[in-house]
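To start, the structure under review is shown below, and the notes come after it.
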Amino acid sequence: MENVEIDHLTSPSTSKEEEGNSMKNKVVVVILVGPPGSGKSTFCEDVMKDADRPWTRICQDKIARGGRAGTRSQCLSSATSALNEGSSVLIDRCNIDKEQRADFLKLGGDEVEKHCVFLDLPAKVCISRAMKRTDHEGKLQGGKAAAVVNRVLQKKELPELSEGFTRIMRCANEEHVEAAIGTYRGLGLVGTLPSGYFGQKSPGSKVQLGIMRFMKKVDPPANLQSKSDDPQDMSQDKVSLQKVSVNKEKISPTHSDVENDVPLWMSQDEVSVQKVSVCKEEDSCPAHSDVRNNEKLDSAHKTSATENVPALAFPSISTADFHFDLEKASNIIVEKVEEYINELGNARLVLVDISPNSKILASVRRKIAQRNIDSSKFFTFVGDITQLYSRGGLQCNVIANATNWRLKPGGGGVNAAIFSAAGPELESATKERATSLQPGNAVVVPISSTSPLFIREGVTHVVHVLGPNMNPQRPDCLKNDYVKGCNVLRKAYSSLFGAFVSIIRPEGASLTPNIDKSLETQDHLYRSPGKGHQKVSGREALDQPQNNKRYKGFYKELGTEVFYSDSKQEPPNIERTKGMSKTWASYAQALHNMAMHPDRHKKDVIEVSDDVVVINDLYPKAQKHLLVLARIKGLDSLADVDKEHLSLLNRMHHIGLKHAENLLKDNESLIFRMGYHSVPSMRQLHLHVISQDFNSNHLKNKKHWNSFTTLFFRDSVDVIEEVSRNGKPALIDDESHLKMELRCHRCRSVHPNIPRLKSHITSCQAPFPSKLQQNGRLIFCDR
DNA sequence: GTTCTAGAAC
DNA sequence: GTTCTAGAAC
């Protein structure tokens, strides 16, 4: 072994001979997992400093020779040598996905335990650190570090025990990291650590361990014992005595008598055992089914099992029975996901295939790894789409069915499986809404509360979608006409994702789905509250205490309580605002005063007419930032807008456009966007006309940035379309978007703070997201 | 909406 | 020590 490649720390009191005898079976391989800047090297240094146990740090950057990074095989051979010499090993490299970890998990054979320390710190923390360091061994520092961290995080796959780890410690913050360092520093010459998963986001676990408080000691319940002989001995494991809160609803939707507090020192397996012991209906309980099967699936995103976020699971359309070219299909999937991903809010899209060797999944994964797609919003999953929750722990409230033109059960594949799993009611409910489907179209069918799909899997809607057919054995074969085929496949995904957006945003989604004209007379499709008895009974069922705890929180979050009940009721956001004029603080009256009395504010006013006033924003957030104020009293925000204001909205739009075009004459490099804040701080409906440079000293904080660059900003064109279609604009009725991480509005990269972000956007020339490039959302000089 | 500022983060 | 955020006050 070359002595410059690795950091050794061997206890001076331990001779080689003693190591060979006493340490042989007690060495351990600790594989660090985390992006650049997550603190892997610091972790190693802290563990090794004054440690009793001999450690060897294997660092790929340090193995580097002649300016080039070392290789994986060099790391493996150094690690093997160290283990043979009786030293435990710290693998200090990103190890971000399973494939990168696999070889290191074979080190030393079965007798050597493999531990994982998963440094899962917020992206912005890692970026910030990586950018600031000046002495990195791999020369990864400064500006390029942010891009690298972003890229590495795209590939992140959560470590799982099933990979071969006996123990995983996830560290989500500095406190957790300190605890982990303490754990390994306290691991004496012959000590061992309990097996299992410690920390949140245990993949496949039904229990979300809540917020870890590593340092706060709480006595464990009398009926549970730590694996450590001495539970007070923090050197065994600093997490050993922590209690965490567990959300009952998330443990087992059908059983509420599970212990509410589970001590953190229990491993994932122990928690599962405990659940089994209190559950009387193991065979039918989804939680237990999942526990039994959770190692069969390989997704890095099973955490959604414990999160009540809306999700659409969809199979690849047309690539199986309809023989569509896989590469072309995967291109279209990625393209359409990119187009819709910003409309999802906290919702997710999951591409599902039953085969672990699925070529289409592999192709999509390969392509998304090269794109800037938020891996929490879109990921792939290997599993049966009809048993995602019960067997895979993945909760998806909407599943897509790649169906046939007759919308009939049978045939094979996904269609047969979904009709079969849902029971005969799906066929009748489908028939109520449509009897046939054209390629490229989709139809939404709510799932009855009595359907096994709802009871067992938590599925509330099936979206049938029909793709193009390239198989001469099937109807409507396109005979290899891929120009047409690709267009139809694009339309199919647009219909599907549009339908999903309509389900999760019932007030009226911003996209126009491809509604099959032949079906328009029937009551169904995407957004309509509908009159089907099924829907009403489905909602009634939610009032029953059993079977539905999971879904209650879900619907509350989505605000869909009203949407699926009888259609005479209005969506909740309308009800709330009607006749309940919001009270506005004095500081929030400025725009109202200007709109009512423009003559008193002549120096700020650019244009006045009977219905609008145009002003320069007093605190512009970009080089050019105008406001078009409505002059109707009582029209304070989008919540007050309805169909009668459509002509005013159009007029505000055109006045805004006129001013943007005037400003473009002076500066052709500007790009404008026009829109409304979902929940404005200032009274009086006002349209922002803002240049996309965001070059302004008045843009100071996260709220400023996110109010113009997330879904909180409602493009004028979309608002107008929604009001003309639904009579009301779709409202994002919470302000969570304002607290989201700071992402570049062009390339979508994450930045740790406002100064860094502002520095980035001065030079980012990436094209705007495709959605913004459509429907005239961006206004720019065409020459 | 902004300003101010304590204290967290670096 | 400086930078940055986030909450209170207005």
Side-chain angles (χ1 to χ4, degrees), chain A residues 36-39 41-43 45-46 119 121-136 141-143 145-146 149 171-178 211 213 215 582-597 601 604-605 613-622 625-630 635-639 675-690 694 696-710 712-714 734-743 750-761:
Chain A
S38 58
S41 298
T42 308
F43 178 92
E45 284 162 16
D46 288 353
L119 298 171
L121 282 85
K124 69 173 198 174
V125 171
C126 302
I127 290 169
S128 173
R129 283 184 191 159
M131 289 181 78
K132 284 183 181 174
R133 59 194 177 188
T134 54
D135 55 350
H136 184 242
Q141 56 202 45
V149 173
C171 304
N173 58 39
E174 277 308 311
E175 200 179 15
H176 301 169
V177 175
E178 285 300 316
I211 297 168
R213 294 191 182 86
M215 309 313 286
K582 178 180 169 180
T583 52
W584 297 86
S586 57
Y587 65 78
Q589 304 287 350
L591 299 182
H592 174 75
N593 293 340
M594 283 185 172
M596 295 303 128
H597 308 287
H601 304 86
D604 301 314
V605 170
V613 170
V614 183
I615 61 169
N616 276 313
D617 194 302
L618 206 57
Y619 299 94
K621 304 299 184 294
H625 186 180
L626 310 183
L627 301 177
V628 181
L629 315 178
L635 189 63
D636 290 336
S637 72
L638 279 184
Y676 301 85
H677 283 162
S678 293
V679 185
S681 300
M682 305 293 278
R683 178 185 179 192
Q684 200 67 27
L685 183 71
H686 54 281
L687 173 69
H688 292 269
V689 180
I690 183 164
F694 296 110
S696 163
N697 291 333
H698 294 293
L699 199 159
K700 293 175 176 172
N701 59 44
K702 185 180 267 190
K703 185 175 177 180
H704 291 154
W705 177 256
N706 283 337
S707 74
F708 289 102
T709 59
T710 66
F712 187 86
F713 189 81
R714 303 301 330 283
D734 69 75
E735 300 185 29
S736 59
H737 289 99
L738 299 178
K739 293 176 180 167
M740 285 168 71
E741 58 198 347
L742 297 167
R743 281 186 183 272
V750 182
H751 299 268
N753 55 45
I754 287 288
R756 295 281 190 199
L757 173 76
K758 292 181 82 168
S759 157
H760 167 81
I761 60 173

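To find a chain, count down the sequence lines: A is the first, B the second, and so on, and within it residues start at 1. Heavy-atom basis, side chains included; hydrogens, waters and symmetry copies ignored.
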Quick one: ring-ring contact (aromatic ring centres under 6.0 Å, His included) partners of A/Tyr619, sequence neighbours excluded?
A/His698
Atom pair NE2/CG of A/His677 and A/Asn706 - distance to nearest 0.5 Å
10.0 Å
Set of residues satisfying ring-ring contact (aromatic ring centres under 6.0 Å, His included) with respect to A/His592, sequence neighbours excluded
none
At 4.0 Å (heavy atoms only), tell me whether A/Leu618 reaches a base, stays on the sugar-phosphate, or touches nothing.
nothing
Are the aromatic rings of A/Phe713 and A/His737 close, with centres under 6.0 Å apart?
no
If we only count heavy atoms from C-beta on, is the A/His688 to A/Leu627 side-chain gap below 4.5 Å?
yes
Scoring nucleotides 1-10 of chain B by protein non-hydrogen atoms under 4.0 Å (B base, S sugar-phosphate only, - none) yields BSS------S
